[in-house]
S.K.: 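Just passing along the structure, written as structure tokens.
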Amino acid sequence: MATPRSTFSNKFGFVAAAAGSAVGLGNIWKFPFEVGKGGGSAFLIIYLIFTFVLCYPILVTEIAIGRRSQKSAAMAFKPLGHPKWTFVGIIGVICGVLILSFYNIVAGWVLGYFVEMLLGNFEIGEHFDTYVTDIAEISGYTLAFLLATAYIVSQGITKGIEKASKILMPSLLVIMLILTAYAMMLDGAGAGVAFYLIPDFSKIDLNVIYRALGQSFFSLSLGLGALITYGSYLSRKEDIVSSGIMITFADAGIAFLAGLMIFPFVFSEGIEPEGGAGLIFMTMPGIFKTMGPTLGVVIGSLFFLLLAFAALTSTISLLELPVSYMVDKHKIKRKWAVWYSAGIIFLLGIPSMVGFGYSDFFTNFITYVGRTEPVNFMDFVTDIASNTLLPFGGFLVSVFAIHIWKRRKLFRELSHGNPGFTRSWLAKYISFTLTYISPPVLGAIFIITILEVFFGVKII
Ligand code: PFF
């Protein structure tokens, strides 16, 4: 006899878990440095438009597909009567594994910085470049982090994920608010805020659009079926439409706040905003130092600890992708699926780990046609998995929902827990976007970027 599928205990549990998946390193580590690279406010504006206009309708669609099918990402299309679309879920599982392989490394850095802050080693900010080449230490932290993720996932869905998300998310918000208030009082804060908030539309180009789109998807955990899997654990009593609004606001809100916190610091310390993946690691320790030895240690270690927890609620959902696939498809025991996936993910992460100066080959891994600078392995995986495949996943989900599954069935599912939905303006908006906006926009950006970014064919 099949065991009944476990569910989230209520709507708050679901929103907390999905927002826990969404809010993570993507908001606090990745978003600020993408803004820095993308010319500041120009990136921010495009990111916000993509998030609210384009991604929100896809987000509720993913959750609805999951809840209707009661299956994880790769298995969800068959029970809906369209087994040929299983490939969408499988691409998602592959994306999840690729993303987790490098995400886990950054989470390892965060854990390492937590320890350095505890020891009062604020100088580490200036030594980020050498710190990340200490492979013995980094691999230890990375492994510790992966083991923590694997342990929670092996404990099953409601117990592990819900409990962790409910306590830790609000604590992170509080410490970020304190740091933002502190940032605003520093000399040079104004230049940082101006960089972040005053729009300079001349900075917008294809690269900014492409990266902002990838960031929106990455940050919302969208386009790879993570939310299909989460939706499959959601009860029919709950309202997907309003849960989706909360998740989107929580995610974009925390990212926005992270920018407001970091750029005054970056400018007051005279750090280059284009600094890349090291941005928060180079900036924050110097700030904690200005707080004095005791307060600096307390706030500094708390910041990196909570960031590690935010990362954990995201890695849990990433690991859940291959695990629930193996459990649902191959009927492998959950525990085995967890350890097997974790092993593969660790190995796949090694090139990213050594790609920050330790190995020249993986540091200058590839130069795309038409570009001058080589990118490292982590950037390469980001470009393939999160900047290209996630939006493509969103394209496929939109096409599937409207043309294959059909709007009527999507709306019927969205009406469970929200009886008036079909007549609401949100219904019209979701339907319009999925039909007329997301397929052409995502399809066009996909084709243009493949040609332009990877093959150097100049289109615009
Ligand atoms: N959304 C997470 C973040 O912003 O850190 C990253 C992520 C988690 C992406 C889960 C995709 C995913 F399925």
Side-chain angles (χ1 to χ4, degrees), residues 15 18-19 22-23 26-27 30-31 34-35 38-65 196-197 199-201 203-224 226-227 239-257 259 386-403 407 410-411 414 418 421-422 424-449 460:
V15 171
V23 175
N27 307 59
K30 190 168 180 292
F31 175 74
E34 293 288 1
V35 171
S41 53
F43 184 95
L44 172 68
I45 290 169
I46 309 266
Y47 159 81
L48 288 175
I49 294 174
F50 278 141
T51 298
F52 286 101
V53 178
L54 202 111
C55 289
Y56 167 74
I58 302 176
L59 182 129
V60 290
T61 306
E62 271 201 21
I63 300 173
I65 291 175
Y196 186 45
L197 295 183
D200 177 357
F201 294 106
K203 298 256 173 68
I204 296 176
D205 60 13
L206 178 71
N207 207 35
V208 170
I209 295 175
Y210 163 69
R211 301 192 77 92
L213 182 68
Q215 177 63 23
S216 294
F217 273 83
F218 182 85
S219 191
L220 286 169
S221 308
L222 196 59
L224 74 175
L227 294 166
D239 175 9
I240 294 178
V241 181
S242 65
S243 304
I245 292 179
M246 289 183 216
I247 296 163
T248 309
F249 268 96
D251 186 53
I254 298 264
F256 181 75
L257 187 63
S386 75
N387 292 341
T388 307
L389 287 179
L390 296 189
F392 184 57
F395 165 83
L396 293 172
V397 165
S398 310
V399 171
F400 173 78
I402 297 296
H403 300 287
R407 195 183 70 150
L410 169 66
F411 276 21
L414 291 174
N418 183 344
F421 170 71
T422 318
S424 67
W425 67 268
L426 257 178
K428 295 191 182 65
Y429 166 66
I430 290 172
S431 161
F432 183 81
T433 306
L434 292 176
T435 314
Y436 299 109
I437 311 264
S438 46
V441 170
L442 294 175
I445 295 181
F446 179 72
I447 292 169
I448 292 171
T449 49
I460 39 178

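What you see is a predicted model, and the numbers here were worked out from it, not measured in a lab.
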S.K.: Please report the interatomic distance CZ(Arg407) to CG(Leu414), rounded to the nearest 0.5 Å.
M.R.: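 Arg407 CZ to Leu414 CG: 11.5 Å, rounded to 0.5 Å.
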S.K.: Locate the shortest heavy-atom distance separating Leu442 from Pro391; write the atom from each residue and the value.
M.R.: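 Answer, listing the atom of Leu442 first, then Pro391: CD1-O, 3.7 Å.
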S.K.: Please give me the minimum heavy-atom distance between Lys203 and Ala42, naming the atom from each residue.
M.R.: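 Here Lys203 and Ala42 meet closest at CB-CB, 3.8 Å.
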S.K.: I'd like to know if the side chain of Ser431 and the backbone of Ala427 have a donor-acceptor N/O pair within less than 3.5 Å.
M.R.: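 Not a single qualifying donor-acceptor pair exists.
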S.K.: Test: salt bridge (Lys or Arg N to Asp or Glu O under 4.0 Å). Region: residues 211-220. Which pairs qualify, not counting sequence neighbours?
M.R.: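 Sorted result for residues 211-220: Glu34-Arg211, Arg211-Asp383.
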S.K.: CZ of Phe400 to OG1 of Thr61: how many Å apart, nearest 0.5 Å?
M.R.: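 Here the rounded value is 10.5 Å.
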S.K.: Taking the side chain as everything from C-beta on, heavy atoms only, tell me whether Val208 gets closer than 4.5 Å to Asp205.
M.R.: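 When only atoms from C-beta onward are counted, Asp205 and Val208 do touch, with a gap below 4.5 Å.
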S.K.: Going by the rule side-chain hydrogen bond (donor to acceptor under 3.5 Å, both in side chains), which residues pair with Ser386 if we only count those two or more places apart in sequence or in a different chain?
M.R.: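 By the side-chain hydrogen bond (donor to acceptor under 3.5 Å, both in side chains) rule, Ser386 matches no residue at all.
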S.K.: Nearest 0.5 angstrom please: Phe392 CZ to Ile445 CD1, how far?
M.R.: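 With rounding to 0.5 Å, CZ (Phe392) is 14.0 Å from CD1 (Ile445).
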S.K.: Residues two or more places apart in sequence or in another chain: which of them pass side-chain contact (heavy atoms from CB on, under 4.5 Å) with Ala255?
M.R.: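 With sequence neighbours excluded, Ala255 shows a side-chain contact (heavy atoms from CB on, under 4.5 Å) to Asn27, Phe31, Tyr47, given in chain and number order.
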S.K.: So Leu434 and Leu410, do their side chains get closer than 4.5 Å, heavy atoms only?
M.R.: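 Yes, close enough: below the 4.5 Å cut-off.
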S.K.: Closer than 3.5 angstrom, by distance alone: can the side chain of Tyr429 be matched with the main-chain N or O of Val53 as a donor-acceptor pair?
M.R.: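 Here the side-chain-to-backbone pair exists.
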S.K.: Which heavy-atom pair separates Pro440 from Thr435 by the least distance, and what is that distance?
M.R.: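 That would be CD-O, 4.5 Å.
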S.K.: Could you grab the distance from atom OG of Ser221 to atom CG of Asp251, nearest 0.5 Å is fine?
M.R.: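 Reported value, rounded in 0.5 Å steps: 7.0 Å.
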S.K.: Mind checking what makes side-chain contact (heavy atoms from CB on, under 4.5 Å) contact with Ser41, not counting sequence neighbours?
M.R.: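 Residues passing side-chain contact (heavy atoms from CB on, under 4.5 Å) with Ser41: Pro199.
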S.K.: For Ser243, which residues count as a side-chain hydrogen bond (donor to acceptor under 3.5 Å, both in side chains) partner, sequence neighbours excluded?
M.R.: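 For Ser243 there are no side-chain hydrogen bond (donor to acceptor under 3.5 Å, both in side chains) partners, ignoring immediate neighbours.
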S.K.: Check Leu48, Ile204, Ile209, Val35 against Phe43 for a side chain to side chain contact (heavy atoms under 4.5 Å, CB included) and give me the one that passes.
M.R.: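 Among Leu48, Ile204, Ile209, Val35, the one meeting side chain to side chain contact (heavy atoms under 4.5 Å, CB included) with Phe43 is Val35.
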S.K.: Does the side-chain contact (heavy atoms from CB on, under 4.5 Å) test come out yes or no for Phe217 and Ile58, once each step is laid out?
M.R.: CA-CA 10 Å; Phe217 273 83; Ile58 302 176; 4.0 Å; yes
S.K.: Can you tell me how far the CD1 atom of Ile46 sits from the CZ atom of Phe201, to the nearest 0.5 Å?
M.R.: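 It comes to 8.0 Å.
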S.K.: Would you compute the distance between atom CZ of Phe50 and atom CG of Leu213 and round it to the nearest 0.5 angstrom?
M.R.: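 Phe50 CZ to Leu213 CG: 4.5 Å, rounded to 0.5 Å.
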S.K.: Using side-chain contact (heavy atoms from CB on, under 4.5 Å) as the criterion, list what pairs up with Leu197, not counting sequence neighbours.
M.R.: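 Leu197 satisfies side-chain contact (heavy atoms from CB on, under 4.5 Å) with Leu44, Val193, Phe256, Leu260 only.
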S.K.: Is there side-chain contact between Thr388 and Phe446, with at least one heavy-atom pair below 4.5 Å?
M.R.: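 Sidechains of Phe446 and Thr388: in contact.
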S.K.: Checking Thr51 side chain against Ser216 main chain: does a donor-acceptor pair fall under 3.5 Å?
M.R.: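 Pair absent, no side-chain N/O of Thr51 close to backbone of Ser216.
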S.K.: Are the side chains of Leu54 and Ile437 in contact, using a 4.5 Å heavy-atom criterion?
M.R.: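 Result yes, sub-4.5 Å side-chain heavy-atom pair found.
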S.K.: Quick one: sort the Phe432 and Tyr436 rings into parallel, tilted or perpendicular, breaks at 30° and 60°.
M.R.: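 Taking Tyr436 first and then Phe432, their aromatic rings sit tilted (interplane angle of 30° to 60°).
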S.K.: Kindly determine whether Asn418 and Ile240 satisfy side-chain contact (heavy atoms from CB on, under 4.5 Å), including the steps that lead there.
M.R.: CA-CA 8 Å; Asn418 183 344; Ile240 294 178; over 6 Å; no
S.K.: For residues Phe218 and Asn387, determine if any side-chain heavy atom of one lies less than 4.5 Å from a side-chain heavy atom of the other.
M.R.: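 They are not in contact (no side-chain heavy atoms under 4.5 Å apart), so the answer is no.
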S.K.: Using side-chain contact (heavy atoms from CB on, under 4.5 Å), reason through Asp239 and Phe421 one step at a time and then give a plain yes or no.
M.R.: CA-CA 10 Å; Asp239 175 9; Phe421 170 71; over 6 Å; no
S.K.: Is there a side-chain contact (heavy atoms from CB on, under 4.5 Å) between Tyr56 and Leu220? Walk through the geometry before answering.
M.R.: CA-CA 9 Å; Tyr56 167 74; Leu220 286 169; over 6 Å; no
S.K.: Taking all heavy atoms of Thr433 and all of Pro439, pick out the closest pair and write down the distance.
M.R.: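 Answer, listing the atom of Thr433 first, then Pro439: O-CD, 3.9 Å.
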